[in-house]
J.: 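Supplied in C-alpha cells, the structure appears directly below.
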Amino acid sequence: MNDFQKQLNARQWEAVSYCSGPSLVIAGAGSGKTRVLTYKIAYLLEMGVSPFQILALTFTNKAAREMRDRIAAIVGPEKSRHLAAGTFHSIFARILRREAAALGYDRDYTIYDETDTRSILKNIVRELGLNDKDYKSSKIAHRISMAKNSLILPDAYSADRELIQRDQRAQVGETHRIYALYQRRLQQANAMDFDDLLLNTYLLFYRFPEVLEHYRKRFAYILVDEYQDTNTAQFRIIRQLAPPEANLCVVGDDSQSIYGFRGAEIGNILNFQQVYPTARLIKLEQNYRSTRNIVGAANSIISHNQGRIPKEVYVAEEKEDGAPLQIIEAYSDKDEALRVARQIIGMRGRQANYDEIAVLYRTNAQSRSFEEAFQNANIPYRMYGGLSFYQRKEVKDVIAYLRCIVNPNDEEALVRIFNYPARGIGETTVRKLRAAAAEHDVPLWDVVQAPLDFGADINRGTQTKVAAFAALLQSFQKVVEATGAYEMAVRVVEETGIKRDLLSDDSPEAQARRENVDELLNSIRTFEADQLEEQGRELALLSDYLPQVALLTDQDRRDDGSPKVSLMTIHAAKGLEFGVVFVVGLEEELFPAASARYNPREMEEERRLFYVAVTRAERLCFLTYAKARWMYGQMQYGAPSPFLAEIDSRFVRKASDFARPERAASPKPAAQPTPVRLRRLSPLEQSRPATIEQPRQRDAIAIGSGTLRVGTRVEHERFGRGTVVSLEGSGISAKARIAFEGSGEKNLLLKFAKLKVLDV
DNA sequence: CAAAATGTGGTTTTT
DNA sequence: CCACATTTTG
C-alpha cells in the first residue's frame with residue numbers, strides 16, 4: 001500500500017486513495033490518468049474489496065484490456081479475474097443478456113452493426129414510399145442514434161414538436177415513423193443496435209427497480225474512464241447505478257472531449273459537481289509526457305476555448321524545454337507528404353524510430369498522399385482506421401451464418417447468406433419470402449422453413465432450393481448448444497460451401513480472403529481457449545462468442561509488431577502517445593473543418609481536437625499545411641489554419657522556406673529553423689486565400705439556367721437559396737462563392753453544383 | 001446473375 | 001478524383 005503512494009505524486013495518490021463517496025478526477029493530457037485508474041482498482045483490491053464489487057467502464061476494448069492487464073500485473077491474476085472491467089457496451093450487453101426476458105428479448109439476441117441498421121432503414125424508407133434522396137439511411141440512422149443516446153423513445157419522439165419541426169426543416173419529417181418501425185423490426189429480429197445496449201440498460205433499470213437494486217448493491221465501487229465522452233444515456237445509467245453518495249469515481253479531461261458530433265455531452269463532466277454535490281474534485285495537472293514547449297503550445301491553444309474547467313497543465317522542473325513546435329509550409333498535399341517523409345528519413349535512428357512517429361490528420365482522405373510518399377521513400381507505416389477486418393465481406397459472410405444459427409430471427413444475417421455461396425435463390429425469391437413474412441407478421445425464418453404455408457408464390461425448383469437451405473441451417477442449429485464455437489465455425493465454412501467458393505478462385509484477392517477467413521477462425525479458436533482457461537468452462541459456445549465479436553473493432557487486432565510509422569486520424573490517436581508527431585493539413589476549411597466555421601460550439605470541439613493532436617507528442621511536434629490541395633478532382637487553394645495563429649509564438653518556429661529538410665547523412669541536425677512570429681491574419685488576408693497562382697476573379701459566368709453575377713440570387717438542391725458573393729475561374733474550374741440562407745457561405749464548383757438562377 | 005455503365009456525393013466514428 | 005451504390009446490359 002505504501003508502495004502505491006511512493007509511485008504516485010500527491011494528487012495521484014489522493015485520487016487513488018479517496019474511496020468514500022463520489023470524486024471527479026480532471027486528468028490533464030499526459031498526467032498519468034491510466035496509472036491512477038489502475039492503481040485505484042489495485043488499491044481497492046488490496047484493501048480487501050471483492051473484485052465482484054468493482055465496475056470499471058471504458059470506451060474501448062483496448063483501454064479495458066490494458067487496465068485489466070496492468071491490474072493483474074500489480075495484484076496478480078487471481079484477484080483481478082472477476083473484475084467487471086470493460087466497455088460500456090460490453091458490460092451492458094452482458095447484463096442485458098442475463099435480463100433479456102424482462103425486456104421481451106431472448107438471451108441470444110444479436111447485436112446489429114451500422115450496416116444492419118442502414119439496410120433496415122433503407123427497407124423501411126422504401127416500404128413507406130418515401131424518397132431515398134431526402135431519407136438517406138445515414139441521415140436517418142444519425143437522427144435515430146441521437147434520439148436513443150438522449151433516451152428518447154419512438155413515442156416521445158413523435159410527441160416532441162420541436163424534434164418533428166427540426167426533422168421537417170431537414171426534409172425528413174417522417175423520421176419518427178421510421179424510428180418506430182425500426183425499433184419494432186429490431187425487436188422482431190431479437191436484435192439490438194449499439195445504441196440499444198445503452199438505451200435498453202437504462203430502461204431495464206428504470207422499469208425494474210429490483211433489478212437496479214441488485215446491480216447497485218453489487219457494484220459498490222464504480223469507475224468511469226474518459227468521462228468527458230459520455231453521452232446522455234451513459235450518464236443517466238451511471239446516475240442510476242450510483243446515487244449521490246455512491247463510491248463513484250469519474251476520470252476525464254474536458255479539454256479532450258472530441259466526440260460531441262456523436263452525442264457525447266461535455267456538460268456531463270462540466271456539471272458533474274451539480275449532480276454529485278459532495279464529489280471531491282481532484283486535478284491532475286502535472287504532465288509527464290511532453291516537453292515544456294509542447295505543453296506550453298497546447299496550453300495556449302486550449303486557452304482560446306470558453307467554458308472549461310479551470311486548470312493549468314504544467315511540466316515538472318526537471319523536464320527539458322525540447323524543441324519548439326515546427327511549422328512546415330508545403331505547396332501541395334503531395335509536397336506536404338514528401339516533406340514529412342524527408343523529415344522522418346532525416347531523424348530515423350537518431351531522434352526517433354519508426355514506431356515512435358505518428359502522422360495525424362483530420363480526415364481519412366488525407367492518408368493517401370502519405371501512403372504514396374512513404375511507399376516511395378521505403379518508410380514502413382501502418383494505417384489505422386479505414387475498413388475494419390470485421391467489415392470485410394468474407395468475414396461478415398461467415399459471421400452472418402453464425403448469427404443465423406444462434407438467432408434464426410436475425411433477418412439481416414439471413415438475407416445476407418440466402419444466396420451465398422450461390423445456390424440459385426435470387427433477389428426475386430428473397431423479396432417474395434420477405435413480403436410473405438411482412439404480410440403475416442412473422443419472422444422471415446418461419447417463412448423460409450415453410451414458404452407455402454405463408455402463401456409465398458415460388459416455383460417448384462426454387463422451393464427445393466429454399467428447403468435445402470433451411471435444412472442446412474437447421475442441421476447446424478440442432479447441434480449448436482453442444483458444440484464448441486470453433487468447431488461450429490469450421491463446420492460452417494466447410495459444409496456451406498464457403499470453403500469451396502474461396503478455393504475456386506486463385507487470384508491474389510481470393511488469397512487474401514482465405515487468409516481473412518483463416519484469421520477469423522483462429523480468433524474463434526483463441527477465444528474458446530481463453531474461455532476454457534479463464535472461466536474454467538467446459539465448452540465455449542457460439543452464443544458466447546458472438547456478442548463480443550460484434551463489439552470488436554479493427555483497433556482490437558494485433559499487427560506483426562515491426563516498427564512502423566502510424567498514420568491515423570486525430571480521433572483514433574486519442575489516448576496514445578508518440579515521440580514525434582506530425583499534425584498535418586492545418587488549413588482553413590480542413591482543420592478546423594469547414595462546417596464548424598460558423599458554429600462556436602463546433603469550433604471549440606475542433607480546437608480540442610487540435611489540443612489532443614499536439615498533446616500526443618512527447619518530444620517533437622510538427623505542424624504542416626499545404627497552400628494547395630487536390631480535392632474532389634480539383635486543386636483547392638486555402639489559407640493556413642487559424643489555429644496556427646493561436647499558438648503562443650514562444651513555442652513555435654516556422655521553417656524558413658530555404659531550410660532543407662535534414663539529410664540522413666548529415667552528422668548534425670540542419671541549422672536551427674528561423675523563428676517566425678505568427679501574427680493573427682487581418683480580415684483581409686483571411687478572406688483572400690494564399691494562392692500561388694490565383695484564379696482570375698470574374699464578373700459574370702454563364703451557366704445553364706442563366707448568368708451568375710455577384711449578387712445574383714440562386715437556388716441549390718441541397719443548400720437552398722443564396723446569393724453569389726464572388727466568382728472565379730473559367731470552364732470546368734469555374735467556381736462561385738455563395739452565401740446560403742441557413743447553411744452559410746460555400747465555395748461551389750459550377751461544374752458540379754446544379755444552380756438555378758432565381759431572379760432576372 | 002455478374003460485369004459494365006452510370007450516378008452520387010464526399011468530417012471525425014471508441015461501440 | 002475516387003469510392004460506393006444503383007441501374008443497365010450481356
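As the structure is a prediction and not an experimental result, all values here were calculated from the model. Quick note on labels: first sequence line is chain A, next is B, and so on, each numbered from 1.
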J.: Within residues 253-265 of chain A, find the residues that approach DNA chain B with a heavy atom at under 4.0 Å, and present them sorted by residue number.
T.: Tyr259(A), Phe261(A), Arg262(A)
J.: Under the side-chain hydrogen bond (donor to acceptor under 3.5 Å, both in side chains) rule, what do Thr496(A) and Tyr420(A) come out as? Steps first, then yes or no, please.
T.: CA-CA 9 Å; Thr496(A) 59; Tyr420(A) 178 79; over 6 Å; no
J.: Nearest to the Glu606(A) side chain among dT6(C), dT11(B), dA3(C), which nucleotide is it?
T.: dT11(B)
J.: Output yes when Arg65(A) and Asp69(A) qualify as a salt bridge under the 4.0 Å nitrogen-oxygen rule, no when they do not.
T.: no
J.: Short of 4.0 Å, heavy atom to strand atom, which residues of residues 567-575 of chain A count as contacting DNA chain B?
T.: Thr569(A), His571(A), Lys574(A)
J.: Would you please confirm or rule out a distance under 4.0 Å between OP1 or OP2 of dG10(B) and any side-chain N or O of Lys136(A)?
T.: yes
J.: Show your working on salt bridge (Lys or Arg N to Asp or Glu O under 4.0 Å) between Asp196(A) and Lys148(A) and close with a plain yes or no.
T.: CA-CA 7 Å; Asp196(A) 283 336; Lys148(A) 287 185 174 184; 2.8 Å; yes
J.: More 5' along DNA chain B: Arg423(A) or Thr60(A), using each one's nearest nucleotide?
T.: Arg423(A)
J.: Rounded to the nearest Å, what distance is computed from the OH atom of residue Tyr384(A) to the P atom of nucleotide dT13(B)?
T.: 14 Å
J.: How far does the P atom of dA5(C) sit from the matching atom of dT12(B), given to the nearest Å?
T.: 15 Å
J.: Taking all non-hydrogen atoms of both residues, which atom of Leu520(A) and which atom of Ser523(A) are closest, and how far apart?
T.: O-OG, 2.8 Å
J.: As a check on the pairing definition, encode DNA chain B in dot-bracket form, counting Watson-Crick and G-U wobble pairs whose two distances are under 3.5 Å, and using | for partners outside this strand.
T.: ||||||||||.....
J.: More than 12 heavy atoms of other residues, nucleotides or ligands under 6.0 Å from NZ of Lys62(A): is that the case?
T.: no
J.: Between Glu412(A) and Arg434(A), is the closest basic N to carboxylate O distance under 4.0 Å?
T.: yes
J.: Quick check for you: among dT14(B), dG9(B), dT12(B), whose closest atom lies nearest to any side-chain atom of Asp229(A)?
T.: dT14(B)
J.: Give a yes or no on whether the backbone of Asn231(A) and the side-chain of Gln234(A) come within a donor-acceptor separation of less than 3.5 Å.
T.: yes
J.: Rounded off to whole Å, could you give me the CZ-to-P distance for the Arg65(A) and dT14(B) pair?
T.: 14 Å
J.: Which residue lies toward the 5' end of DNA chain B, Lys133(A) or Arg362(A), if each is placed at its nearest nucleotide?
T.: Lys133(A)
J.: Determine the interatomic distance between C1' on dA3(C) and the same-named atom on dT14(B); round to the nearest Å.
T.: 25 Å
J.: Return the CG to OG distance between Asp229(A) and Ser257(A), rounded to the nearest 0.5 Å.
T.: 5.5 Å
J.: Could you check dT12(B) for me: syn (within 90° of 0) or anti?
T.: anti
J.: Output the single nucleotide from dC2(C), dG9(B), dT12(B) whose closest atom is nearest the side chain of Thr363(A).
T.: dT12(B)
J.: Is there a side-chain contact between Arg118(A) and the phosphate of dA5(C), meaning an N or O under 4.0 Å from OP1 or OP2?
T.: no
J.: Could you state the CG-C1' distance from Asn131(A) to dT8(B), rounded to the nearest angstrom?
T.: 15 Å
J.: Could you give the OH-to-C1' distance, from Tyr135(A) to dA5(C), as a whole number of Å?
T.: 21 Å
J.: Of the candidate nucleotides dC1(B), dT13(B), dC2(C), which contains the atom at the shortest distance from the side chain of Asn364(A)?
T.: dT13(B)
J.: Expressed in angstrom and rounded to an integer, what is the separation of Asn61(A) atom CG from dT13(B) atom C1'?
T.: 15 Å
